[in-house]
Amino acid sequence: MKSLLVPSFKIRRNLRDKSSSFWMKCCYYLVLSMPFILLTGLLIKSSLLFGEKTFSELIFSSEWKPLSGKFGFLPFILSSLWITFISIAIAAPVCLLTAIYLTQYAKRFVLKVMHPVIDILAGIPSVIYGVWGIIIIVPFVSKVASWFNIHSSGYSILAGSVVLSVMVIPFVLNILIEVYRSIPIELSEASLSLGATKWETIKKVLTRKAFPGIISSFGLGISRAFGETIAVLMVVGNVVQIPKGIFQAGYPLPALIANNYGEMLSIPMYDSALMLAALILFIVVTFFNLGSRYLIMHYEKKV
Amino acid sequence: MKRKFKINRQVLRKSEEIFYRVLMILSTSIIIIALLAIIISILVKGIPSLSWSMISQTPKGGYYFGKEGGILNAIIGSLYLSFGATMLALVFSLPLALYMNIHKMKQKNVVNVIRFFLDLLWGIPSIVYGAFGFTIMVYFGLRTSLLAGIITVTLFIIPIMVRSMDEVLKTVPKGLLESAFSLGSTRSETAFRVMLRQCIPGMITAILLAFGRAIGDAAAVLFTAGYTDYIPNSLSQPTATLPLSVFFQLSSPIPEVQSRAYASAVVLTAIVLIISIASRGFSSRYQKNRIK
């Protein structure tokens, strides 16, 4: 009897192990195939448009008249680029300085305050950022524009960039803190013992060492900023035009998809064009993502 | 003369440091001020029009012209959606996170490849997931529904959940795993009975983080979950969500509706803050049960 019980117990254990391992493997393959599934889906959907037009025709034309079959993505791409780069230009110095402060100078209680602050900033939904943008940033931008004698409603590229910069700050800052923390303490000890001041050590030793990490954190910030939808959509104005200044309204790619989704189903070409917009987003974001990560890995190997 | 020059250099070195320290403190305070500005401005605009009837009623006729009603449909809809998506994502995320840290413990390359893919997926904007989910939905002939919304949001939060679980599991000392194996437990027993129990607080934090992401995201559900004035009572019905209700009400030209959008924003912010505080509480409270 006993000898019968033992194998059945063993079999049950084995079965449990096998079945859970099988399910784990399924999840593993699912995640590995996910980017390719996404890419193929978007490619198939946007291939309809490629049948009629060349790629450069779509990218470099600025005429957007979907009802007469003209799809020029230039205004959207330029708006996206403007907003992304201005927002990173605002966020980058703030993040860098804060990261240095938090890792090198800050007292314990500052860290205790800043950790929840960063976490909460990262957790606030994008629509709330959009509401905040409408309440505070848009009127403010309108006022700033009037100082320069420019008439602007405030719904502009600049407003979108400011809102977006606050959104990417927690993301970039977290990576930068990680980068600065991972530098071995011996480096700064050696520098300090040679008579350098604390700031000189940070500037000439730590930041030089962290440089690839810093660049890649900005790259990841760009990839995050490029795809942000709702918050930007709410404050950027959404006018199809090639932006000529930061106080003008823009129309970034994600907003294009979000605004037109309901109505496009009736026209297959329109549907295809919006999928192409999603594809461009996917590719640009992935490019920056891969580039930044490659930089980190390449550098880590060398050191 | 030479001495004087030297002193000047010293002063310069010191003053440069002071200058940058001031800048650093300035930029740190900018971040704090930004957070305060967001929360205070939402509260100031939203609290006056927030009332009990607003969060306990569904929209009545003419709600979107400033008549009676509330946003209960959106609150419940959002909770259904995020809860469903979090549960569904958990079914995929937890096994994968354990798989990476136990089954593939020795194969660093495999683990790094998965991490790389997860980071890649994490970086893809939610609007792309939304567009993709919509395509899939149309392909299978589904209408906008709670189910379609849940599936899209699940795809979107899986990388977030796995990555944060992975971060927790990574910190478990190797010795614990090795002793579990040496006592003769199988890999799945080690995974679920030892590692999982050891990491419960971190896991809950990861789940809550994913839940917070799910409830706050608007772009992924914009096309897939639809919008309705009723509380959904089956998976095939469309559902309202809080972010979209904020968004739609704010784009109305009527001031009463706009002020309700601010009130809805307060509700959404409150939910997200509660989740954030709860996850902090969890991670510190159960920390003491861990084997160090």
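To find a chain, count down the sequence lines: A is the first, B the second, and so on, and within it residues start at 1. In this text the structure is predicted, and so the values were computed from the model without any measurement.
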**Item:** Region of A:L30 that comes under 4.5 Å of a non-hydrogen atom in chain B
**Value:** side chain
**Asked** So which part of A:S20 gets closer than 4.5 Å to some heavy atom of chain B, the side chain, the backbone, both or neither?
**Response** side chain
**Item:** Heavy-atom contact with chain B under 4.5 Å, split by part of A:I135
**Value:** side chain
**Message:** Between B:T190 and B:S185, is there a side-chain donor-acceptor contact under 3.5 Å, judged purely by atom types and distance?
**Reply:** yes
**Message:** Can you confirm whether A:F140 is buried at CZ, in the sense that more than 12 heavy atoms of other residues, nucleotides or ligands lie under 6.0 Å from that atom?
**Reply:** no
**Prompt:** Looking at B:A219, B:S126, B:S29, B:A34, which has the largest count of heavy-atom pairs under 4.5 Å with chain A?
**Reply:** B:A219
**Prompt:** Where on B:I38 is there a heavy atom nearer than 4.5 Å to chain A: the side chain, the backbone, both, or neither?
**Reply:** both
**Asked** Is the ring centre of B:Y227 less than 6.0 Å from the ring centre of B:F248?
**Response** yes
**Asked** Knowing that exactly one of B:L23, B:T28, B:I31 qualifies, which makes a side-chain contact (heavy atoms from CB on, under 4.5 Å) with A:V94?
**Response** B:I31
**Item:** Heavy-atom proximity to chain B below 4.5 Å, by part of A:I128
**Value:** both
**Prompt:** Does the pair A:R224/A:E228 count as a salt bridge with the N-to-O cut at 4.0 Å?
**Reply:** no
**Item:** Residue selection (most heavy-atom pairs with chain A, distance under 4.5 Å) from B:D217, B:L268, B:T269, B:L222
**Value:** B:L268
**Part of A:Y29 lying under 4.5 Å from any heavy atom of chain B** = neither
**Request:** Can you tell which part of A:P170 gets under 4.5 Å to a heavy atom of chain B, answering side chain, backbone, both or neither?
**Result:** neither
**Prompt:** If you count heavy-atom pairs under 4.5 Å between each of B:I39, B:D119, B:L209, B:I277 and chain A, which one has the most?
**Reply:** B:D119
**Request:** Give a yes or no answer on whether the side chain of B:D166 reaches the backbone of B:N101 with a donor-acceptor pair at less than 3.5 Å.
**Result:** no
**Request:** Just give me the residue among B:I30, B:L242, B:V128, B:L26 that pairs up with chain A most often, heavy atom to heavy atom, under 4.5 Å.
**Result:** B:V128
**Request:** For A:E178, look at atom CD and say whether over 12 heavy atoms of other residues, nucleotides or ligands are found less than 6.0 Å away.
**Result:** no
**Item:** Selection from B:N112, B:L35, B:L36, B:V272 maximising heavy-atom pairs under 4.5 Å formed with chain A
**Value:** B:L35
**Portion of A:I134 that has a non-hydrogen atom of chain B nearer than 4.5 angstrom** = side chain
**Request:** Examine whether an atom of A:I118 lies under 4.5 Å from a heavy atom of chain B, and if so say whether it belongs to the side chain, the backbone or both; otherwise answer neither.
**Result:** neither
**Engaged part of A:I169 at the chain B interface, taking heavy atoms whose separation is under 4.5 Å** = side chain
**Asked** What part of A:N289 gets closer than 4.5 Å to chain B, counting heavy atoms only: side chain, backbone, both or neither?
**Response** side chain
**Request:** Would you mind telling me which of B:F92, B:F192, B:Y139 has the largest number of heavy-atom pairs within less than 4.5 Å of chain A?
**Result:** B:F92
**Message:** For A:Q104, which atoms come within 4.5 Å of any heavy atom of chain B: side chain, backbone, both, or neither?
**Reply:** neither
**Smallest separation among heavy atoms of B:Q258 and B:S252, with atom names** = NE2-O, 2.9 Å
**Message:** Need one label for A:I37: side chain, backbone, both or neither, based on atoms under 4.5 Å from any heavy atom in chain B.
**Reply:** both
**Request:** May I ask you to say whether A:K203 pairs ionically with A:E200, meaning some side-chain N is under 4.0 Å from a carboxylate O?
**Result:** no
**Asked** Between A:R16 and B:E189, is there a salt bridge with N-O shorter than 4.0 Å?
**Response** no
**Request:** Examine whether an atom of A:V166 lies under 4.5 Å from a heavy atom of chain B, and if so say whether it belongs to the side chain, the backbone or both; otherwise answer neither.
**Result:** side chain
**Prompt:** Is any NZ, NE, NH1 or NH2 atom of the basic residue among A:K198 and B:E17 found under 4.0 Å from an Asp or Glu carboxylate oxygen of the other?
**Reply:** no
